[in-house]
> 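One structure is given below, represented as structure tokens, and several questions about it will come after.
Quick caveat, the model's predicted, so the values are computed rather than measured.
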Amino acid sequence: MKIGVLGAGVVGLTTAWWLTEAGHEVVLIDRAAGPAAGASGANGAQLSYRYVAPMASPKMLMQLPGLLLPGENAIRMSLDLELVGWGLRFLKACTSAEVARTTAAQLALAELSRLELERLLGKVPIDFGLRTAGKLVIFRSASDFAAARPGPSDPARVLTPAECLALEPGLALNESDFVGGVYTESEQVGDCAAFCEQLFAKLKESNRVEVRMNTAIGRPVVQRQRMTGVETDHGVIEADQFVLSLGSGARAFAKSCGFNLPVYPVKGHSITVADDGQSPLTHSVTDYSRKIVYAPLPGATRIAGFADFQGYDATPSEARIAQLKEAAADTFDIDCFCDAEPWAGLRPMTPDSRAVIGPSPLAGLFLNTGQGMLGWTLACGSARLTADLIDGKKPACPAGSFDVRRF
Ligand SMILES: Cc1cc2nc3c(=O)[nH]c(=O)nc-3n(C[C@H](O)[C@H](O)[C@H](O)COP(=O)(O)OP(=O)(O)OC[C@H]3O[C@@H](n4cnc5c(N)ncnc54)[C@H](O)[C@@H]3O)c2cc1C
């Protein structure tokens with residue numbers, strides 16, 4: 001089959017790879033000149049297979065009124081019409097039952113992703129600083145710490161502040177600055193943009209993939225109620241099947257297809273601080289209270305965070321970048337942010353934080369999008385699931401929870 005993959009972020013690229021592995025021909029289309037031009041750029045670099053709980057939760061429900069007020073919150077919201085509709089679904093997802101359903105589904109998808117990334121790397125050796133660095137989550141509030149205690153089957157370890165400081169000597173904190181930490185040894189880090197660039201180069205070399213960059217996607221071409229092509233600024237591109245992986249552009253495209261896809265752009269920021277090989281940290285560290293992650297990458301430290309519900313502008317905000325620098329200076333011995341590279345991206349987020357993977361209401365169009373905070377972690381599993389479902393195979397992990405009909 002010839003399959004059009006719409007979007008060359010990490011989700012579209014991995015989808016293209018798994019589809020070619022399954023024997024299909026792919027045409028990969030994106031408006032940018034190169035891959036990872038959207039949220040898959042300088043993201044938090046965490047391959048966070050165990051930390052997959054959704055944003056919508058009973059606890060979040062309690063915090064929401066405060067988030068709507070202006071201030072230095074890690075999460076900011078400016079209400080617009082699209083956010084109101086999305087937000088109503090978000091509120092519906094703030095139940096313990098939904099949290100349990102999402103967590104179970106995402107844990108299975110994350111585990112599949114870990115295995116499928118290994119499989120990909122076995123066939124396509126690419127270097128993107130992948131390292132099992134272990135993830136240390138530090139807590140500054142006793143109630144958050146108590147709520148985060150791992151269950152009996154969870155391999156994570158609970159640490160005192162002294163144990164955290166011994167594990168991660170880069171932390172420039174006193175024991176009294178925080179209440180403890182949770183450490184998961186198996187978690188990984190890796191540079192998503194470097195992964196995308198190298199996978200893109202491999203796909204371009206493949207005689208099964210036609211790459212159409214600098215090509216803006218418009219509306220679908222529909223014949224006899226089936227999508228047979230897509231209009232672009234370079235003419236119509238036809239295929240037997242399409243996969244929608246346009247990140248935060250997915251909702252607009254779905255609308256032009258005649259159905260609603262509740263994917264809202266949740267803006268995050270990062271800085272990348274070059275460190276000539278002497279990273280101030282050895283593990284990946286998450287500052288839970290401030291919603292900031294720190295990842296050691298080859299020759300650099302990535303510092304990322306915040307969740308701003310403020311529309312489609314992906315320009316980095318100077319105030320947010322300053323906040324990241326301030327938090328980092330307060331937490332680690334980082335001498336200078338002189339060459340820190342600022343970046344922002346729009347996470348394609350569903351109200352229940354679950355990806356949307358499966359057929360769409362329009363025949364010929366398949367969905368693989370909405371991975372939100374975890375698109376890098378979940379990309380390989382999502383791509384495998386997409387390929388399985390398109391081929392009518394038994395999916396490699398349960399797929400029902402990701403079906404768009406839940407909305
Ligand atoms: C600050 C930040 C930190 C993050 N940290 C992590 C992390 O540590 N771990 C993790 O797992 N995830 C993380 N994420 C989330 C992750 O980066 C995203 O979920 C993931 O990159 C989404 O990938 P995507 O391919 O769906 O979308 P994108 O990467 O946004 O790709 C969509 C593509 O579609 C193209 N496009 C859109 N509209 C059109 C159109 N009309 N025509 C043509 N092309 C179009 C864009 O050019 C883009 O290339 C983070 C995100 C941010 C912003």
Side-chain angles (χ1 to χ4, degrees), residues 11 39 48 51-69 73-110 143-144 147-148 244-255 257-268 288 291 306-312 346-362 365-375 377-378 382 385 397-407:
V11 174
S48 194
Y51 286 84
V52 296
M55 190 181 229
S57 68
K59 188 173 156 206
M60 174 56 86
L61 202 55
M62 314 278 286
Q63 293 172 343
L64 261 183
L67 297 178
L68 293 171
L69 300 172
N73 296 318
I75 302 172
R76 278 188 197 151
M77 287 187 188
S78 312
L79 284 183
D80 58 48
L81 214 57
E82 188 184 332
L83 182 55
V84 170
W86 186 94
L88 291 172
R89 291 193 159 95
F90 180 88
L91 293 179
K92 238 179 97 189
C94 286
T95 64
S96 305
E98 271 301 296
V99 171
R101 192 170 301 133
T102 299
T103 306
Q106 305 260 93
L107 274 176
L109 187 58
S143 60
D144 287 342
L244 178 57
S245 295
L246 289 176
S248 55
R251 180 179 178 273
F253 187 78
K255 199 171 173 195
C257 295
F259 65 95
N260 180 36
L261 183 62
V263 169
Y264 192 84
V266 179
K267 187 172 181 179
Y288 183 87
K291 306 277 181 279
F306 307 133
D308 296 333
F309 294 72
Q310 294 179 322
Y312 286 84
L346 303 174
R347 306 172 182 97
M349 201 67 195
T350 61
D352 56 12
S353 298
R354 273 198 320 262
V356 179
I357 304 169
S360 81
L362 176 62
L365 178 66
F366 204 88
L367 306 171
N368 181 13
T369 189
Q371 281 81 1
M373 302 273 175
L374 289 168
T377 304
L378 299 178
S382 302
L385 210 53
C397 86
S401 304
F402 302 110
D403 197 299
V404 72
R405 280 168 292 190
R406 70 185 187 273
F407 295 117

> Could you tell me if the side chain of Arg251 sits less than 4.5 Å from the side chain of Glu82, heavy atoms only?
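Glu82 vs Arg251: side chains touch.
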> Rounded to the nearest 0.5 Å, how far does CG of Asp403 lie from CZ of Arg354?
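Reported value, rounded in 0.5 Å steps: 10.0 Å.
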> For a 4.5 angstrom cut-off between non-hydrogen side-chain atoms, does Phe90 reach Met55?
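Yes, close enough: below the 4.5 Å cut-off.
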> Within this structure, what is the NZ-CG distance for the pair Lys255 and Asn260, rounded to the nearest 0.5 Å?
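Between Lys255 NZ and Asn260 CG, I get 9.0 Å after rounding to 0.5 Å.
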> With the side chain counted from C-beta on, respond yes when Pro54 and Thr103 share a heavy-atom pair under 4.5 Å apart, and no when they do not.
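Heavy-atom side-chain distance check passes, below 4.5 Å.
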> If we ignore angles and hydrogens, is there a donor and acceptor under 3.5 Å between the side chains of Tyr312 and Asp80?
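Distance-only check fails for Tyr312 and Asp80.
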> Quick one: closest heavy-atom pair of Ala110 and Val52, and the distance?
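Residues Ala110 and Val52, closest heavy atoms: CB-CG1, 4.2 Å.
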> Nearest heavy-atom pair of Asp308 and Ile75: which atoms, and what distance?
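Closest heavy-atom pair between Asp308 and Ile75: OD1-C, 4.4 Å.
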> What pair of heavy atoms forms the shortest contact from Ala56 to Val99, and how long is it?
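Closest heavy-atom pair between Ala56 and Val99: O-CG2, 3.5 Å.
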> In Å and rounded to the nearest 0.5 Å, what is the OG to CD distance from Ser245 to Gln371?
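Result: 7.5 Å between the selected atoms.
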> In sequence, state the C-alpha distance, the side-chain angles, and the governing distance for Cys397 and Leu385, and then conclude on side-chain contact (heavy atoms from CB on, under 4.5 Å).
CA-CA 7 Å; Cys397 86; Leu385 210 53; 4.1 Å; yes
> Just by modelled atom types, is the Ser353 backbone N or O under 3.5 Å from a matching donor or acceptor in the Gln106 side chain?
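Yes; judged by distance alone, with no hydrogens or angles, the pair exists.
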> Given side chains that start at C-beta, do those of Gln310 and Arg76 come closer than 4.5 Å, heavy atoms only?
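Side chain of Gln310 against side chain of Arg76, heavy atoms only: contact under 4.5 Å found.
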> So does Lys59 pair up with Asp144, basic N to acidic O under 4.0 Å?
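Salt bridge flag = yes for Asp144 with Lys59.
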> Quick one: does any side-chain atom of Arg347 pair with a main-chain N or O of Ala39 as donor and acceptor, under 3.5 Å?
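Side chain of Arg347 to backbone of Ala39: no pair is present.
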> I need the Thr95 OG1 to Leu61 CG distance, nearest 0.5 Å.
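Here the interatomic distance stands at 10.0 Å.
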> Working to the nearest 0.5 Å, report the span between CG of Leu109 and OG of Ser382.
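Result: 4.5 Å between the selected atoms.
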> Might you point out which heavy atoms bring Pro262 and Pro351 nearest each other, and give the distance in Å?
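What the structure gives for the nearest pair is O-CD, 3.2 Å.
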> Got Ser57 and Cys94 here, is their nearest side-chain heavy-atom distance under 4.5 Å?
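Answer no - side chains too far apart.
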> Under 3.5 Å, side chain of Trp86 to main-chain N/O of Met349, donor-acceptor pair present?
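Checking the backbone N and O of Met349 against the side chain of Trp86, a donor-acceptor pair under 3.5 Å is found.
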> Which of these, Thr350, Leu367, Leu246, sits in a side-chain contact (heavy atoms from CB on, under 4.5 Å) with Val263?
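In the set Thr350, Leu367, Leu246, the residue that makes a side-chain contact (heavy atoms from CB on, under 4.5 Å) with Val263 is Thr350.
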> Can you confirm whether Ser248 sits close enough to Tyr264 that some side-chain heavy atom of one is under 4.5 Å from a side-chain heavy atom of the other?
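No. Closest side-chain heavy atoms not under 4.5 Å.
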> Minimum heavy-atom separation for Thr377 to Ser48, with atom names?
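Closest pair (atom of Thr377, atom of Ser48, distance): OG1-N, 3.1 Å.
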> Measure from NZ or CZ of Lys291 to the centre of the six-membered ring of Tyr288 and say whether it is under 6.0 Å with the direction within 45° of the ring axis.
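Yes; both conditions hold, so Lys291 lies above the ring face of Tyr288.
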> Is any side-chain heavy atom of Phe259 closer than 4.5 Å to one of Leu365?
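SC-SC contact between Leu365 and Phe259 confirmed.
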> Could you check Val11, Thr369, Asn368, Val404 and say which one makes a side-chain contact (heavy atoms from CB on, under 4.5 Å) with Ile357?
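Running side-chain contact (heavy atoms from CB on, under 4.5 Å) over Val11, Thr369, Asn368, Val404 with Ile357 returns exactly one hit, Asn368.
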> Side-chain contact, heavy-atom cut-off 4.5 Å: Asn73 with Phe306?
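In short, these two side chains do not touch, never coming nearer than 4.5 Å.
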> With a 4.0 Å cut-off, would you call Glu98 and Arg406 a salt bridge?
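Result for this pair is no, no salt bridge flagged.
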